[in-house]
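First the structure, in the form of C-alpha cells, and then the observations on it.
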Amino acid sequence: MIVLGFESSCDETGVALVCTERGLLAHTLHSQVAMHAAYGGVVPELASRDHVRRVVPLTRQVLQQADLTLQDIDAIAYTAGPGLAGALLVGSSVAQSVAWSLNLPAIAIHHLEGHLLSPRMASPCPEFPFVALLVSGGHTQLLRVDEVGQYTLLGETLDDAAGEAFDKTAKLLGLGYPGGPALAKLAEQGDPKRIALPRPMLHSHTLDFSFSGLKTAVLTRLKDAESRGLADAQLRADLAAATELAIVEVLVAKSVVALEQTQLKRLVVAGGVGANRLLRQLLTQRLGKRQVEVFFPPLELCTDNGAMIAFAAAQRIQRGLVNLGAQTYGFDVHPRWDLAAL
Ligand code: KG4
Ligand code: ZN
C-alpha cells in the first residue's frame, strides 16, 4: 500500500510517500525558519498561512519525484497533534479533503509517534522493545516502546523541553532562531569546562527532567560578565559549550538510568535535538560500553518532516491498527495529545 502523508504541526510543511513494502519513496519539505527568524520564534498565524501556500505545490512535487499520481495512493496520513491548532488544521483539512475526494482512509497520526518510529526507516532498523529518548522543541520524554502503539511514559520534563532550553539560551546569547543548531555551532569554539552550569535533576532518582533553571544560570553568568566588561566572544562561546554539555549530560545520564530500570538493550533517539552531534557522540560512547545499541533517525529526518508521518501510518496499517473501511471525514485536531493515551 502507498501512503501519502502530511506534516504541518509547527513551522515545517512536509509531504511524503511511503510504501508499506518498499519504505520511503519520496519526501518534500519547506522550512519556515527564514520567515519566523525576523520575529525570534514561530508566529502561529504566519505558520498556518504559509502551510496553506506550500502544501499543494509540495504534494505535486512529491508525486512527481516518485513518478506517481493521486490514483496510485491507497491511504492518506496527517499529523493530528500535538502542535499549533491553526497549523494542524491546514494539514488535517487538506488530508481529509484529498481522502474524501479519492474515497480513501484518512489516518490521524500523533506527531511524537512519527518522531519515535522514524529511526525504523533507517538500516539497521531497531527491533521492539526499546527505550525512546524523545527530544524536540516542545517535548522531552523517555518512553518504553513495546510495539507500534504501545508506549509507556517513563519520565518527562517538568518545564522547558531540551530543544526549548537550547533555543532560549541561544536567544540570550544573541543567536538567531532556531537556536539549537546555532548554539551547537558556537559551542564548537568554546571550552565547555570553563564555566560551571547546573545539571538540573541529575540525581533526582526519577526519570523526569527540568531545564528552565539553566537559562537563568546562563543569564546570571552573562549579566555578571557584562557588568565587569568581560562578555566577549570567547565568553559567549564558552557559555554555549557549557550549556550544550549540561543539557546533553543530563539527557545521557537519564537515558542510562531508563535502560537500567527497564533492562532493555536498545535506545532510540528521536526529535530535533537528536541532530545534536555531542548528544550522538556521548550516547554512542557511554552506551557502547554497556553493550546497548543506539539508533538515530537519518539526520535529515530528525527535525519535523512528512516522511515520519506517512511511515508511522504505514507501520500502523501493517499491524492492522487502522480502520481501512468506511470512513467519516472531519477536521478534528488535538493541539494537546498524550502519547501514552494512544
Ligand atoms: O522535532 P523538532 O523539529 O520540532 C518539534 O517537534 O519541536 O525539533 C526542533 C528543536 C528546536 O528546539 C531546535 O533548536 C532543536 O530541535 N535542534 C537542535 C539541533 N537541531 C535542531 N538542538 C541542538 N542541536 C542541534 N543540532
Ligand atoms: Zn517534532
Side-chain angles (χ1 to χ4, degrees), residues 5-14 16 27 29-33 36-37 40-42 44 47 78-84 87-88 91 109-119 132-141 156-157 160-173 175-188 190 192 209 211-212 214-215 240-241 243-252 268-283 296-309 311-312 335-337 339:
F6 296 96
E7 155 63 33
S8 71
S9 65
C10 188
D11 57 350
E12 260 106 19
T13 321
H27 82 111
L29 191 69
H30 175 76
S31 166
Q32 303 176 353
V33 159
H36 296 297
V42 178
Y78 64 98
T79 306
L84 302 170
L88 289 167
I109 294 295
H110 193 295
H111 180 81
L112 299 182
E113 177 174 58
H115 272 304
L116 72 85
L117 295 179
S118 63
L133 172 66
L134 206 59
V135 272
S136 70
H139 294 83
T140 299
Q141 298 186 332
E156 66 182 332
T157 184
D160 289 352
E164 213 174 345
F166 270 105
D167 293 340
K168 287 181 175 172
T169 312
K171 210 169 187 175
L172 290 178
L173 295 174
L175 303 171
Y177 159 85
L183 188 132
K185 191 156 191 296
L186 180 61
E188 285 170 19
F209 304 85
F211 290 112
S212 68
L214 203 53
K215 63 174 186 295
T243 304
E244 184 182 44
L245 186 64
I247 296 171
V248 165
E249 280 196 341
V250 174
L251 294 174
V252 172
V268 161
V269 183
V273 182
N276 184 270
R277 206 182 312 157
L278 184 68
L279 178 66
R280 287 179 173 237
Q281 248 174 29
L282 288 191
L283 276 177
F296 300 95
L299 261 185
E300 58 160 331
L301 301 181
C302 272
T303 46
D304 293 349
N305 62 82
M308 67 185 195
I309 301 305
F311 181 75
R336 290 176 167 273
W337 193 4
L339 182 61

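Predicted, not measured: the structure shown is a model, and the values here were computed from it. Atoms within a ligand are numbered from 1 in the order they appear, just like the ligands themselves.
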How are the rings of Phe211 and Phe209 set to each other: parallel, tilted or perpendicular (split at 30° and 60°)? parallel
Using a 4.0 Å heavy-atom cut-off, say whether His139 meets ligand 1 through its side chain, its backbone, both or neither. neither
For Ala170 against Gly179, the heavy-atom pair lying closest together: CB-CA, 3.4 Å
Of the backbone and side-chain N, O or S atoms of His115, does one lie nearer to the Zn ion (ligand 2) than 2.8 Å? yes
Could you identify the N, O or S atom of Asp304 positioned closest to the Zn ion (ligand 2)? OD1
Which residue supplies the protein heavy atom nearest to atom 10 (C) of ligand 1, what is that atom called, and how far is it? Gly137 N, 3.5 Å
of all protein heavy atoms, closest to atom 2 (P) of ligand 1 is Asp304 OD1, 3.4 Å
Measure the distance from atom 23 (C) of ligand 1 to every protein heavy atom, then report the residue, atom name and distance (to 0.1 Å) of the closest one. Asn276 ND2, 3.6 Å
If you compare all heavy atoms of Pro178 against all heavy atoms of Val33, which two are closest, and at what distance to 0.1 Å? CD-CG1, 3.5 Å
Roughly how far apart are Phe166 CZ and Asp160 CG, rounded to 0.5 Å? 13.0 Å
Say you draw a straight line from CD of Glu164 to NZ of Lys171; how long is it, rounded to the nearest 0.5 Å? 11.0 Å
Hey, can you tell me if His110 and Trp337 have their rings parallel, tilted or perpendicular (30° and 60° cut-offs)? tilted
For ligand 1, does Thr303 get within less than 4.0 Å through its side chain, its backbone, both, or neither, judged by non-hydrogen atoms? both
Of all the atoms in ligand 1, which lie at a distance below 4.0 Å from a heavy atom belonging to His115? 1 (O), 6 (O)
For Ala307 against Leu301, the heavy-atom pair lying closest together: CB-CD2, 4.1 Å
Measure across Ser8 and Ala87 and return the closest heavy-atom pair with its distance rounded to 0.1 Å. OG-O, 2.7 Å
N, O or S of His139 under 2.8 Å from the Zn ion (ligand 2): no
Applying a 4.0 Å heavy-atom criterion (strictly less than), which segment of His111 is in contact with ligand 1: side chain, backbone, both, or neither? side chain
Non-hydrogen atoms of Gly138 versus ligand 1: any pair closer than 4.0 Å? yes
Suppose I only count heavy atoms of Gly163 and a 4.0 Å limit; which atoms of ligand 1 are within that range? 12 (O)
As an exercise, identify every atom of ligand 1 less than 4.0 angstrom from a heavy atom of Gly272. 1 (O), 2 (P), 8 (O), 16 (O), 17 (N), 18 (C), 19 (C), 20 (N), 21 (C)
Heavy atoms of Ala132 and Leu116 approach each other most closely as CB-CB, 4.4 Å
Please report the shortest heavy-atom distance between Leu251 and Val273, naming the atom on each side. CD1-CG1, 4.5 Å
Any idea which protein heavy atom is nearest atom 13 (C) of ligand 1, and the distance to it? Asp167 OD1, 3.8 Å
Please indicate whether any nitrogen or oxygen in Gly180 is less than 3.5 Å from any nitrogen or oxygen in ligand 1. yes
